[in-house]
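A short worksheet on the structure shown next.
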2 protein chains.
Amino acid sequence: MSILIKNVLLDDTSTDVFIVENIIHQIGTDLNPATDHIIDGTDKAILPSFINAHTHSAMTHFRGFGDDMPLMEWLEKNIWPNEIRLNEELVYAGAKLACLEMIKSGITFFNDMYWFPRGVARAVSDIGMRALVNAVFIDLNDSEKAREQIAMNEELYYELKGRERIHVGLGPHAVYTVSESSLLWIKDFAETHDLMIHIHLSETEQEVQDWHDKHCVSPVEYLHRLGLLSPRLVTAHCVWVTDKDIDLLAANGVNVAHNPISNMKLSVNRHFPYTKFLDAGVNICLGTDGVGSNNNLSMFDTMKVAALLQKHHETPETLPATECFNMATINGYRCFDLPGGEVKEGMLADLILVDLNLPEMIPCHHLISNMVYSANASVVDTTICNGKILMQNRKVMGEEEIIYQARKTAKQFLG
Amino acid sequence: MSILIKNVLLDDTSTDVFIVENIIHQIGTDLNPATDHIIDGTDKAILPSFINAHTHSAMTHFRGFGDDMPLMEWLEKNIWPNEIRLNEELVYAGAKLACLEMIKSGITFFNDMYWFPRGVARAVSDIGMRALVNAVFIDLNDSEKAREQIAMNEELYYELKGRERIHVGLGPHAVYTVSESSLLWIKDFAETHDLMIHIHLSETEQEVQDWHDKHCVSPVEYLHRLGLLSPRLVTAHCVWVTDKDIDLLAANGVNVAHNPISNMKLSVNRHFPYTKFLDAGVNICLGTDGVGSNNNLSMFDTMKVAALLQKHHETPETLPATECFNMATINGYRCFDLPGGEVKEGMLADLILVDLNLPEMIPCHHLISNMVYSANASVVDTTICNGKILMQNRKVMGEEEIIYQARKTAKQFLG
């Protein structure tokens, strides 16, 4: 299987890109290899696809389902009473809608944490994306629950390991919902099987304050003491961190997934310490968080808001467009240890073609500036993941059926 | 001329909307009047179109042309040396591109302030939108310049007055760039001819501090002393205002155009005092500002960022979706004294139809939440202004030519 993309803009130059199997095989001008498929790249630019470093994909069901409410009221009234109605089929339908939305905005990999992860894995597998699938691990210090969760995670790992494009990981919800012994089990299991760990960390002032009051250390210091800080850890949020926390995260190669929209919408009331993380050398990625607190899965919105938020608190020079674009692409590939995030020979063919004929993209003095500050998801014309075309001319195969099913299932959550 | 829109969603109910000339004539079910044109509204919702309450339309030429720079360096290196190259034809091409982008994101009216306003007026007239066209009035306390500016504004008023869909106003740039005598002339001329006045006000801390150091009053208090505060005034920004300023603006019925993206991107370093303005009863509208500091003209980005910014500084309940949507619609109609901003019989037929089949719009538990937090410009399928279809199925008549011309002219600004 091969794809030849002709006359596409790469670094301001018209270029041909030849994909063989799942790899960018050759980049040059006037390439004419035998190929299965040719894409005309005229008036389009080629770029790496996006990585969504933190989400709860099946929460698409709850889009707009209780906004503008305090966090606990929202969870208690709108989310939890509906989440107990979930099953694998409902999660499959919600995750499939999420995958469709992500492909349509140029995302080919997402890092998930949710209930019924088999439903998520099946959606990803069927649609052709990549994902790191993590079950939500919560035991609330209950040893019976801990045993169940461990058994479920072991089973899930053996079931999903080796599946194409599916990475299985461990998803301890947060330090305050998972017992110390379970966190230690997670650490050992991850090390034994070389898995990523995905956790919410230091999102709100209250949670950090409460933890400190009880344990006299910050959540980050606590994870450090347990030996969980390492490059296999992806921490979502990290807004309420101290300088010492930042140093610990940096020294141990931890990846941070910044979710600016969710943080602002839920009023975490502090801006992400981007410059400190950058100076400390931490690998910073971008995430949308779940649709419940965003309310979409667009990395375009996320990039723009991330840059605006930093400039709002610091200077116009803070978090320039190129750094922001890298956070949404190459930093994500680095985090999940995938050879991609750049349009270079030998890299994974995870790519997008963007339409340069839309008003938001004109003029195109600086492509990356247009991508970060001006474009929206609709500029993505073609999405390629692992050498396969998932969308072309903005059409995804089977999208009508996905939408039909998602609409139908969403009705079960009303009332 | 009439248009019948069949089976479109209005307030969660399938409805018919009948437009005669430029007015919403009848709303009901099973309408079957004789009509010139029928639109199938199946799987679409009908909403009022947006008002962009502050922009510099022809700055589309400078999209992405110097981001991530301090304000003065950006102006001195990238903007001013290029603005001196402008002429009416270049402004026409830039404004036409802006109009195209705005129609494609559902905006039918914008409040402009820029050089060569005849170019802007011609673009608006040709494409079929509405606008309040204001020349930039700057005299820098130079009486010769003041005379020129006054003559130019008088001439422009007599030339443009009475033109369909074109409102002509007065655009004093700011208190620090326009002499007191010119501001008084502007006030008198506006009162005599019943015109709006459009000014930048209290955008940065520096500008407010400098003014206070020299004049011992705030810019708002100064305008009050001159008698300029009234419902005919639209003030862009108003970020660095005191409680007393807010009371003065409220008591005098002044309209405020909030530009959250521009404020954040240029690091005004303070959040718009939304709740205080709301409590004081001020009519708050939304603006994109120019593309140079945004970098697009989408009210979707603007609504979402406006809501996020307030929640970031206050609580999740602050600036809920409906208030935000109203700021972008009905508050704008109120500001510019136009009978619109609602889908009701007797209102101006300034309307959009949005596509409910896109993943960002599914599920649709709350349409307005989806519009504010999830949608982007591409959900707008049809834009109607003054009873004329400007876009249908996302196609605007002549868009290829507009894009061709904008691309060609943009090259003159490089290097």
Side-chain angles (χ1 to χ4, degrees), chain A residues 60-65 67-71 74 97 100-101 104 261 263-267 269 271 291 294-296 298 300-301 304-305 307-309 311-321 357 359-360 362-366 369-370 373-378 399 403 406-407 410-411 414, chain B residues 60-61 63-65 67-71 74 97 100-101 104 261 263-269 271 291 294-296 298 300-301 304-305 307-309 311-321 357 359-360 362-366 369-370 373-378 399 403 406-407 410-411 414:
Chain A
T60 47
H61 286 311
F62 309 131
R63 195 190 310 271
F65 195 30
D67 298 300
D68 311 320
M69 295 167 78
L71 180 63
W74 172 66
L97 176 65
L100 176 64
E101 189 184 345
K104 291 203 132 186
I261 294 176
N263 292 160
M264 293 176 82
K265 188 152 182 278
L266 296 176
S267 304
N269 293 131
H271 79 288
V291 156
N294 185 309
N295 299 349
N296 67 30
S298 165
F300 289 92
D301 280 17
K304 184 164 182 171
V305 171
L308 292 176
L309 180 59
K311 293 172 198 303
H312 172 62
H313 284 282
E314 301 182 34
T315 69
E317 298 99 306
T318 318
L319 192 35
N357 278 336
E360 300 91 330
I362 295 169
C364 197
H365 296 308
H366 296 287
S369 160
N370 281 3
Y373 297 124
S374 184
N376 62 52
S378 72
E399 65 185 289
I403 283 170
R407 265 209 184 115
K411 288 190 185 127
L414 274 174
Chain B
T60 48
H61 286 310
R63 195 190 311 271
F65 195 30
D67 299 300
D68 311 319
M69 296 166 78
L71 179 63
W74 172 66
L97 176 64
L100 176 64
E101 189 184 346
K104 290 201 133 189
I261 295 177
N263 292 160
M264 293 176 82
K265 188 153 183 278
L266 296 176
S267 304
V268 306
N269 293 132
H271 80 287
V291 156
N294 185 310
N295 300 350
N296 66 30
S298 166
F300 289 92
D301 280 16
K304 184 164 182 171
V305 171
L308 292 175
L309 180 60
K311 292 171 198 303
H312 173 61
H313 285 282
E314 302 182 36
T315 70
E317 298 99 306
T318 318
L319 189 38
N357 279 335
E360 300 91 329
I362 295 168
C364 197
H365 297 307
H366 297 288
S369 161
N370 281 2
Y373 297 124
S374 185
N376 62 52
S378 72
E399 65 185 288
I403 283 170
R407 266 209 183 114
K411 287 191 185 129
L414 275 173

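The model shown is predicted, which means the values in this text are computed figures rather than measured ones. Reminder, nothing fancy here: chain letters follow the sequence lines and each chain counts from 1.
What you find for Met69(B) and Pro316(A) is that their closest heavy atoms are O-CB, 3.1 Å. Between Thr60(B) and Pro363(A), the closest heavy-atom pair is O-CD, 3.1 Å. Closest approach of Asn296(B) and Tyr373(A) over heavy atoms only: ND2-O, 3.9 Å. The minimum heavy-atom distance linking Ser267(B) with Thr315(A) is given by the pair OG-C, 3.0 Å. Of all heavy-atom pairs spanning Phe65(A) and His365(B), the tightest one is CB-CD2, 3.6 Å.
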Residues His312(A), His271(B); criterion side chain to side chain contact (heavy atoms under 4.5 Å, CB included); working and verdict: CA-CA 8 Å; His312(A) 172 62; His271(B) 80 287; 4.1 Å; yes
Side chain to side chain contact (heavy atoms under 4.5 Å, CB included) assessment of Asn370(B) paired with Asn295(A): CA-CA 8 Å; Asn370(B) 281 2; Asn295(A) 299 349; 5.5 Å; no
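Using a 4.5 Å cut-off between heavy atoms, Val305(B) touches chain A through its side chain atoms alone. Neither the backbone nor the side chain of Asn263(A) comes within less than 4.5 Å of any heavy atom in chain B. Looking at Glu399(A), there are no atoms closer than 4.5 Å to chain B (heavy atoms on both sides), in backbone or side chain. Using a 4.5 Å cut-off between heavy atoms, His61(A) contacts chain B through its backbone alone, with no side-chain atom that close.
Asp68(A) places no side-chain N or O within donor-acceptor distance of the main-chain N or O of Thr318(B), the cut-off being under 3.5 Å. Between the side chain of Arg407(A) and the backbone N or O of Ile362(B), no donor-acceptor pair lies under 3.5 Å.
The candidate with the highest count of non-hydrogen atom pairs below 4.5 Å against chain B, out of His366(A), Arg63(A), Lys311(A), Lys265(A), is Arg63(A). Taking Cys364(A), Ala321(A), Ser378(A), Pro70(A) one by one and counting their heavy-atom pairs under 4.5 Å with chain B, the maximum is reached by Pro70(A).
The structure places NE2 of His313(A) at 9.0 Å from CG of Asn269(B), a figure rounded to the nearest 0.5 Å. Residue Glu317(B) holds its CD atom at 12.0 Å from CG of Asp67(A), rounded to the nearest 0.5 Å. Rounding to the nearest 0.5 Å places OG of Ser374(A) at 5.5 Å from CD of Glu101(B). Considering CG of Leu309(B) and CG of Leu308(A), their distance stands at 9.5 Å, rounded to 0.5 Å.
Using modelled atom types, one finds a donor on one side chain and an acceptor on the other under 3.5 Å when comparing Asn294(A) with Lys304(B).
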